[in-house]
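Protein chains get the first letters and strands the later ones, always in sequence-line order, with residue 1 at the start of each.
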2 protein chains.
Amino acid sequence: MAASHRPSMAEVAQLAKVSHQTVSRVINGFPGVRPQTRERVEQAIRETGYRRNHAARTLVTNKSGLIGVVTSGSALFGPVNTLVGIEEAARLHNYSTLLTTLREGSKAEFDAVVGQLLDRGVEAIVTIAAHEELVHYAGATSIGVPLIVVGPSRTEVSDLSTMSVNQEHGMRLAVQHIASLHHKQILLLSGPHHWIDAQQRLRAATDECTKLAVSFETIEGDWSPECGYSIATNLLSRTDKPRPTAILSANDAMALGALAAFRDGGWSVPEDISVMGFDDLPESGYFQPPLTTVHQDFRTLGGRVVAALVAQIQDAPADPTPVDPTLVIRRSTASPGA
Amino acid sequence: MAASHRPSMAEVAQLAKVSHQTVSRVINGFPGVRPQTRERVEQAIRETGYRRNHAARTLVTNKSGLIGVVTSGSALFGPVNTLVGIEEAARLHNYSTLLTTLREGSKAEFDAVVGQLLDRGVEAIVTIAAHEELVHYAGATSIGVPLIVVGPSRTEVSDLSTMSVNQEHGMRLAVQHIASLHHKQILLLSGPHHWIDAQQRLRAATDECTKLAVSFETIEGDWSPECGYSIATNLLSRTDKPRPTAILSANDAMALGALAAFRDGGWSVPEDISVMGFDDLPESGYFQPPLTTVHQDFRTLGGRVVAALVAQIQDAPADPTPVDPTLVIRRSTASPGA
DNA sequence: GTCGCAAATGTTAGCGATAACATCACCCTG
DNA sequence: CAGGGTGATGTTATCGCTAACATTTGCGAC
C-alpha cells in the first residue's frame, strides 16, 4: 500500500474493470448495478483503500453536507450541550459539523466567522449562546443559507428563525414553586442583559411574579459563581429594604455562589433563605444543600435544531415541538420561617 | 443582488475586465498585481458579493485547511475546554475545525467517524478524551494524516503522537501537598481505568505516595459526583481497615460527591477528613468547603496541540513545551487531627 | 433468428478554482 | 532604436467527481 497516495475513482474503476461512473454508482448506492459487478467494485475499493473525495463531490453537486455552528468561546453548560446534541443529530442526517467559536463577540468577528463558514459552503448555520447583538448581526447579514439562532424565543425578532428550550415555561415553573412555598418577596438574579437567554428568563420570571402577586427585585449578574457570591454577600448586610426570603437565580452557577456566600455569612439555606437555580448541572444535586433548579435538556434541543435545519434545506415543514424544561425540587428551597 | 446564485471567479473577472487568474491572485494576496487592477478587482468582488469556493480550491490544491476533532460525547470539563482551545488556535492558523463526537466508543464507531473526517480531506486529526481503546484504535488504523491523541503521555504508546497536560506533575503536586499536611493514609479515588487520563493520574499518584511513604488504597470511580458520593458514604461506615485521613480524587466532580456524602454523614471537611480534587472547575471555589485542587489549563493545551499539528503538516519540528498544572489550595484540606 | 425494450454500463462535459506556462507591455541600456 | 529583462496579465490543463446522455448487453416475444 503506497503510503501517501490517495486512490481516485478512476483507479478503482480500472482495477474492477468498469468505468468510474459505475464505481460512483456503487458508492452512492444507486440501483441498477448487477450484484456481481457491485461486488467486484467493492472488492476493488477495499483493495485500493479508496475514500471518496468530498471536495470534488461538493464541487459538482453544489452540496457540501456541512452545517456550521457559531458558538461563544465559553464552555458554559447550555451551549456546550446544545453543541453536542447538534453534532450527533447532524451526523445522523449525514451532515458534518464545522465549529467556530467567538472570542469577543463583535460584529466584525461574527461576520468573519460566518464568512469562513460560507466559504466552506455550509448549507446551514446555527448560532448558539446568543448575545442580543448576535441576533441583530444575524438579522443584518444576508447570507443565503438557512440560519437558526438558538436562544431567543420565536416572537422576539421577527423574520429570523429561532429555537430554544422553552425557558419561559421553565421560569414559570420556578416562580410557581417558590410561590407555592408562600414566599412573598424574592430576588431575581438574572444573567447579563445582552444575553438573550437571560432576557427571556427574566421576563418570564417577572411576568409570573406579577401574576402570582409575588413582589420581586432584580439584580443582574454575569452567570459566574463569583458574582452570585458577591451579590448574596451584599444581601447579608442589607438593612435599607425588606430582605427577600428567596433567591431565584437564572443559572445554577450563580446560585452556587450565593449558597457559598450565605454559608460564609452564617445563614442556613433553606431555613434563613431559599435559593433556586436554573439549568440543572450534573453537580447541582451535590451542592450544599442540593440545589432546587429547573432541568433543561439542551441535547434534545440540539437535535431539534438540526431537524429544523434539514427540513428547511429540503423545503419541508419543521416539527415545532418545544423542548420543555422540568422542575427539580431538592433541598435548597423551603417555606420562609418554616 | 440575485438571491441564491453564488458568483464565481469568472463573473468577478468579467466585471473587473481581467482574467479569472488575476482575480485569484488578488484573493490570495499574490504580489505583482498593479494596485489599480487590484482595486478594480476588489470593487468587483464587493459588487458581486463573491465568496471563494473552498471545495474547488481544495480539489486542485489537495489541501482542505480542515482539522478533524474526535471527542467523546460527554460534556466533561477537560475535553470541552481542550476543544475550544483547539478551535481558536486552528482558526488562527487558517484552519477550520470539523467536530465529531463518539457515542459508544466502539472501534467501528471510531473508524466510521475517522472515515468521515478523511472523506472530507482533513489534514490532521485530534482525538480528545481518550479511552484507552481509542488509542489502540488510533494506533491500529493507518490513516495517512497526522494524528494526535490528547491524553496519554508521550511514552505510553510508542509510535503515536500524543500530548497532554502534564498530569503526572499535577498529581505529584497534589500528593506532595497532602503529604506536607502529614497525612499517612489516603484514598485515591481514580477515574475509570480505561480512560487514559485516569491511568496517568493514578500511576503518578501511587508513585509519589510510594516515594513519600504515604500509604494508600485505590477505588475506581466514573468521574461523576454520584459515584464520589456513594464511595465516600461507604467509607463512613467502614470498620475493617484503617480509615484514610484524606481523599485524593482524580477530578473535582467526584470530590464534590464525596463532600456531600461526608456532610450528610456528619463528618466535617477538612476537620474529620481532607478532600482534594483535580481539574479546578469554575465552580470548585464555591463548594462547601471550597475545594483544594489542581488547576489544569486545557485551553492552552488545545493551542499547543494545533501548533504541533501545524508543525507536523508543514514538516517543521514542534515545540514540546509541556503545559504545567498548578496547585490551588483552598479549604478542603488540612492536617489530620488538627 | 431477429426485433425491441429494459437493464447495465460507458462516455463526455463541466463544477470553480490553482499551477504552469505563454504572452504582452514597458522601460532601461548600450 | 534594437535587445532583453521584468512586471503584469492571460491561457490552458487539471484536480475527482456527478449529471446527462450514449451505448451496449441480455433476454423474451413473435
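- Dashed line: the shortest gap from a side-chain N or O of Thr58(A) to OP1 or OP2 of dC17(D) is not under 4.0 Å.
- Among the nucleotides dG16(D), dG10(C), dT18(C), the one closest to any side-chain atom of Met9(B) is dT18(C).
- In terms of phosphate contacts, Ser8(B) brings no side-chain nitrogen or oxygen within less than 4.0 Å of OP1 or OP2 of dG16(C).
- Within the 4.0 Å cut-off from OP1 or OP2 of dA8(D), not a single side-chain nitrogen or oxygen of Thr37(B) is found.
- The side chain of Thr61(B) sits closest to dT18(C) out of dG10(D), dT18(C), dC17(D).
- Within the 4.0 Å cut-off from OP1 or OP2 of dT18(D), at least one side-chain nitrogen or oxygen of Ser24(A) is found.
- Between Glu11(B) and Arg51(B) there is no salt bridge, since no side-chain N of the basic residue sits under 4.0 Å from a carboxylate O of the acidic one.
- Counting to the nearest Å, the P atom of dG10(C) and the CZ atom of Phe30(A) are 16 Å from each other.
- Taking only side-chain nitrogens and oxygens, Arg57(B) comes nearer than 4.0 Å to OP1 or OP2 of dT18(C).
- Comparing dT18(C), dA8(D), dC17(D) by their nearest atom to the side chain of Val60(B) picks out dT18(C).
- Nearest-nucleotide positions on DNA chain D place Arg38(B) closer to the 5' end than the other of Arg38(B) and Leu59(B).
- The phosphate of dG16(C) has neither OP1 nor OP2 within less than 4.0 Å of any side-chain N or O from Arg52(B).
- The interatomic distance linking Asn53(B) (CG) with dG14(C) (P) rounds to 18 Å, in whole Å.
- For dT18(D), one of the phosphate oxygens OP1 or OP2 lies less than 4.0 angstrom from a side-chain nitrogen or oxygen of Asn28(A).
- Between dG10(C) and Thr22(A), a contact under 4.0 Å exists linking OP1 or OP2 to a side-chain N or O.
- Shown here for Tyr95(A) and Leu66(A), the closest heavy-atom pair between the two residues is CD2-N, 3.6 Å.
- Between the CD atom of Gln14(A) and the C1' atom of dT11(C) there is a distance of 16 Å, rounded to whole Å.
- Across the protein-nucleic acid pair, Arg120(A) atom CZ and dA17(C) atom C1' stand 14 Å apart, rounded to whole Å.
- For His20(A), taking side-chain heavy atoms from C-beta onward, the closest of the listed nucleotides dA17(C), dT18(D), dA8(C) is dT18(D).
- By the 30° and 60° cut-offs, the orientation of the rings of Phe298(B) relative to Phe77(B) is perpendicular.
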Would you tabulate the pairs of protein nitrogen or oxygen atoms and nucleotide nitrogen or oxygen atoms of nucleotides 20-26 of chain C closer than 3.5 angstrom?
residue : atom : partner  : partner atom : Å
dA20(C) : N6   : Gln21(B) : NE2          : 3.3

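- Interatomic distance, CZ of Arg299(B) versus CG of Leu301(B), reported as 12.5 Å (0.5 Å rounding).
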